[in-house]
Each structure stands twice: as structure tokens, then as C-alpha cells.
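Shown next, in C-alpha cells, is the structure this report addresses.
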Amino acid sequence: MPTALLLAAGLGLFVPFVIWVRGGDVLGKRLWILFGLLPFLQPALPQLDFALLSWGADWPGLVSGIEVTAFDLLVLAIYFGLNKPRLPSFYSAVLALYFVAVLLSLLQAAAPTAAFFYFWQICRAGLLLVVVARVSSDPVILRYILTGLALGVVLEGFATAYQRFGLGTVQTSGTFGHQNTLGLVLHFAVLPQVALLLSGRRDWGTVLVPLAGIAAVVLTTSRAALLFAAIGMVLIYILSSLRRVSAHKILIGAAGFLILAAFSPLAVSSFEKRFEANPLNEEEYDERAAFERAATAILLDKPLGVGANHYVYIAKNFGYSDEAGVIANEGNRNNLVHNAYLLAASETGWPGLVGLFLLLAYPLVRAFRVGWPRRTGPEGDLLIGLGLGLLMVCLHSTLEYILLLRDSLYLLAVVIGMILGLAHTVERRARRPEPRPAPLPARREFLVPAE
């Protein structure tokens with residue numbers, strides 16, 4: 001009953017909120033901080049999730065129902081209330097391609113309703129992406145969204161510290177359901193702040209976020225998270241230095257090296273505790289490889305996929321897990337292949353894999369192509385930081401499926417939206433004709449140097 005009342009209250013406030021957004025100057029309000037912060041808060045607030053239809057544990061897959069969250073209602077209200085013009089972009093066609101590929105996979109699904117659960121989820125993320133892209137051309141809104149992301153990282157820093165030193169948890173997950181999810185999404189929020197710090201911006205976000213982010217990644221005790229976080233830090237420093245070398249960046253590099261050295265004992269002790277409690281047995285049984293064999297076999301047999309949200313159902317009930325050597329217990333058989341691309345390919349086929357690739361590749365190319373030239377200034381540094389965060393998530397997703405979960409999709413949508421909006425702003429400014437200098441008085445023409 002409380003959940004139904006919350007949903008009714010949210011729907012009842014929907015129309016007044018839309019009117020307020022359309023009539024007031026909401027674009028200058030701090031409401032936009034929520035667009036960066038809520039993806040970190042939402043996982044810890046299940047009371048704000050409303051299930052219109054739920055299969056619960058009866059369906060082992062990425063999504064188990066048709067869900068609406070308070071964040072979705074906020075995004076929908078802002079979408080209808082926005083007066084901002086649509087952002088012209090080829091990305092609309094890319095987004096539509098992936099949506100069509102997922103929708104077509106319903107025709108291959110043994111349970112089309114379960115496949116629709118995933119389609120509903122990506123529609124929610126797509127709406128968020130569209131809203132963020134349209135408003136990110138406004139520097140004030142962009143700054144507020146970045147502030148929300150920064151607050152989210154600081155929140156995770158405090159949460160993981162409490163879980164480790166207060167509760168004694170070895171692998172901390174912060175506000176998320178699993179430590180690997182936290183490790184992956186931190187790439188999105190930490191690297192842009194590092195890029196701004198290297199560009200010369202000094203505020204609480206550029207100082208606290210790298211420190212809180214490094215601490216949180218270390219405390220997750222996730223090998224992949226730590227690896228890609230380190231690679232991202234090194235790459236952002238190299239690329240920023242290639243754009244412009246300065247004494248400030250040399251100083252930041254030296255300070256960063258000392259900070260990483262200071263965190264290394266904590267990292268070593270964290271991994272020692274992890275492997276002491278759960279020793280690696282990959283030589284005896286490589287679970288990831290077994291899942292990948294099953295997903296590859298499904299794709300080879302079904303090039304158009306078996307239906308979104310259907311990997312576990314098909315692998316478990318049609319012999320693919322047996323043939324791949326997945327251990328025959330419920331925990332293993334109900335698990336997903338730890339590779340977002342193989343998961344997408346096995347469920348939505350080659351069309352879905354191509355759609356997902358373009359979905360991620362287009363903003364990556366935009367971020368680096370628009371942000372790299374030196375004349376773009378701090379906006380270019382921010383684009384490089386956002387692009388590198390997205391790149392690390394793409395690489396990390398070869399080892400995890402969690403990019404396709406709701407919480408990760410929210411942050412993916414926010415980051416891609418910021419890239420598209422900021423890139424459009426930078427390109428539009430670059431196309432403006434430079435002001436021509438006023439002609440000199442005739443008597444002073446001799447002051448002009450000869451060419």
C-alpha cells in the first residue's frame with residue numbers, strides 16, 4: 001500500500017510539475033543536481049521503485065518486471081516541460097537502430113513479455129539520455145549535473161569506508177547491489193573531474209572526487225575495477241599533457257603518484273583479505289570462460305538471438321550450459337555471461353550487437369574528435385574526460401554484464417547525453433565567424449607591419 005500511495009502521489013504531482021517546469025526558469029535551478037546524484041541514490045532507495053508488473057525470482061534474467069522509479073517520473077516531467085529545442089544529431093538514428101533490434105528480438109523470445117521487460121528498461125534510459133543531451137548545451141545545467149555526479153562519488157567514498165571499517169565488509173558495494181557495479185560506474189564520474197583538475201579548475205569537486213573515487217575503487221576489492229581505474233588515470237594524464245603541457249600538470253602528476261602510493265598498502269591488504277576468504281580456483285574451474293562458451297554457442301546457433309532477457313532461460317533449459325561446462329547448481333546456472341557484448345549478442349543477435357556497438361562508439365568518437373583540438377579549452381578537457389570514462393566502461397564491460405543493468409544504464413545515459421550536448425555547443429561556437437578587427441585610421445596605416 002505505501003508503494004501504491006507513493007506512485008499515486010507522484011502521478012498526482014506530475015501535471016503541476018510539468019506546468020512549473022514550462023513556466024518557470026527551472027534551467028537555472030539546482031534541481032539538475034539530481035540528474036547526477038539520483039543514479040547513485042536510487043539503488044539504496046527501493047521504496048522509490050514502483051513495479052507495474054513483477055515476476056520476481058520466477059524469471060532469472062537482467063530484468064524481472066515493468067518498473068517505474070521516482071527518477072523516471074522526474075525525467076518524464078522535465079521532458080514534457082522543457083522549452084529547449086531538439087538537439088540535431090545522427091545519434092537519434094543510432095538509438096533507434098538499437099531499440100528496433102531489441103524490439104525485433106521479441107519475435108525470437110520464448111516469453112515475449114520477459115523480453116519486453118528489457119525493452120521497457122532501455123526506453124527509460126533513452127528518455128533520460130534525450131533530456132540530458134538537450135539541456136547540456138547550457139553550461140549552468142551542465143555544471144549542476146557534474147556537481148550531482150561529484151556528490152555521488154563522495155557519497156560512495158563515505159559509504160564504502162563505513163562498510164569496510166565500520167561493518168568489516170571485505171568487498172564493499174556502497175549504495176549499489178554489488179561491488180562490481182560500483183567499480184564500473186565510478187569510471188563515469190571520476191575521470192571527468194580529473195580532467196577538469198588537470199585543465200586548471202580548482203574546487204571541492206576536482207579535489208575530493210579523485211580521492212573519494214580512488215578510495216571507493218580500492219575498497220571494492222575488484223580486480224577489474226582497479227585495473228581500468230588505473231589505466232584511465234594514466235591515459236587522462238597523458239592525453240591532457242599532450243594537449244597542453246604546464247607546470248600545474250607536472251605538479252598534479254607528482255601529487256597523484258604520491259596519492260596512489262599512499263593507497264597501495266590499503267589495496268594490498270584489501271586483496272589479501274578477499275583471497276584469504278575466497279581463494280581463486282580459476283585453474284580448476286573458469287566460470288567466466290564457461291559462460292562465454294555458452295553465449296557463443298547460442299549466437300552461432302541463433303544469429304538473430306533468442307530474445308532480450310532470455311540468456312539464462314535458454315542456456316539453462318536447452319543444454320548450452322551443460323555443453324559449456326557450467327557447474328550444475330542453481331547459483332551458477334542462473335548467472336549471466338560476464339560480458340555485456342556477448343550477452344547482447346546471444347539475446348538480440350548480430351543486429352543487437354551492432355546496435356550496441358554503435359550506441360557506444362558514436363559518443364566516444366564525438367568526445368575525442370570534438371574535444372581534442374587545443375582551441376576547445378576546458379570544454380575540450382571535459383569532453384576528453386567524459387570520453388575516457390565511457391571508454392573505460394566499454395573495456396570493463398568485456399568482463400562484466402552490469403552495463404546493461406538499470407543503475408548502470410542511468411549513468412550511461414547521463415554521460416552520453418552530456419557528451420552530445422557539450423560537443424554540439426563546442427562545434428556551434430567553432431562555426432561562428434571570428435570578429436574582424438576594426439580598420440585603422442588612414443593616418444596610422446604605417447603602424448601595420450608589412451606581411
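Computed from a predicted structure; not experimentally measured.
A donor-acceptor pair is defined here as one N or O able to donate and one able to accept, closer than 3.5 Å; such a pair exists between the side chain of R333 and the backbone of V326. No side-chain donor-acceptor contact under 3.5 Å links S397 to the backbone of L403. Remark: the backbone N or O of F176 is not paired with any side-chain donor or acceptor of H178 at under 3.5 angstrom. Listed for the S408 side chain is a donor-acceptor partner under 3.5 Å among the backbone atoms of I402. One N or O on the side chain of E347 and one on the backbone of H310 form a donor-acceptor pair closer than 3.5 Å. Checked by atom type and distance alone, the side chain of D203 pairs as donor or acceptor with a backbone atom of T206 at under 3.5 Å. In this structure, T348 contributes its side chain and V102 its backbone to no donor-acceptor pair below 3.5 Å. Side-chain N or O atoms of T296 include none that pairs as donor or acceptor with a backbone N or O of R293 at under 3.5 Å. Between the side chain of S54 and the backbone N or O of A51 there is no donor-acceptor pair closer than 3.5 Å.
The closest side-chain donor-acceptor pair between Y410 and R124 falls under 3.5 angstrom. Side-chain contact of N329 with N332: a donor-acceptor pair under 3.5 Å is present, judged by distance alone. Side-chain polar atoms of N180 and S222 form a donor-acceptor pair below 3.5 angstrom. Between the side chains of E156 and T175, a donor-acceptor pair is found at a separation under 3.5 Å. Side chains of N309 and Q121: a donor-acceptor N/O pair is absent below 3.5 angstrom, by distance only.
Between Y313 and the choices W55, W59, Y320, the ring pair (Phe, Tyr, Trp, His ring centres under 6.0 Å) rule is met once, by W59.
When the shell of 6.0 Å around CH2 of W120 is examined, it contains 12 or fewer heavy atoms from other residues, nucleotides or ligands. Counting heavy-atom neighbours within 6.0 Å of Y162 OH, excluding the residue itself, gives a total of 12 or less. More than 12 heavy atoms of other residues, nucleotides or ligands sit less than 6.0 Å from atom CH2 of W204. No more than 12 heavy-atom neighbours from other residues, nucleotides or ligands sit within 6.0 angstrom of CZ on F357.
For the pair Q163 and V170, the minimum side-chain heavy-atom distance is 4.5 Å or more. Between L74 and L31 the shortest side-chain heavy-atom distance falls below 4.5 Å. With a 4.5 Å cut-off on side-chain heavy atoms, L383 and R366 do not count as touching.
Residues L196 and L146 approach most closely at CD1-CD1, 4.4 Å, considering heavy atoms.
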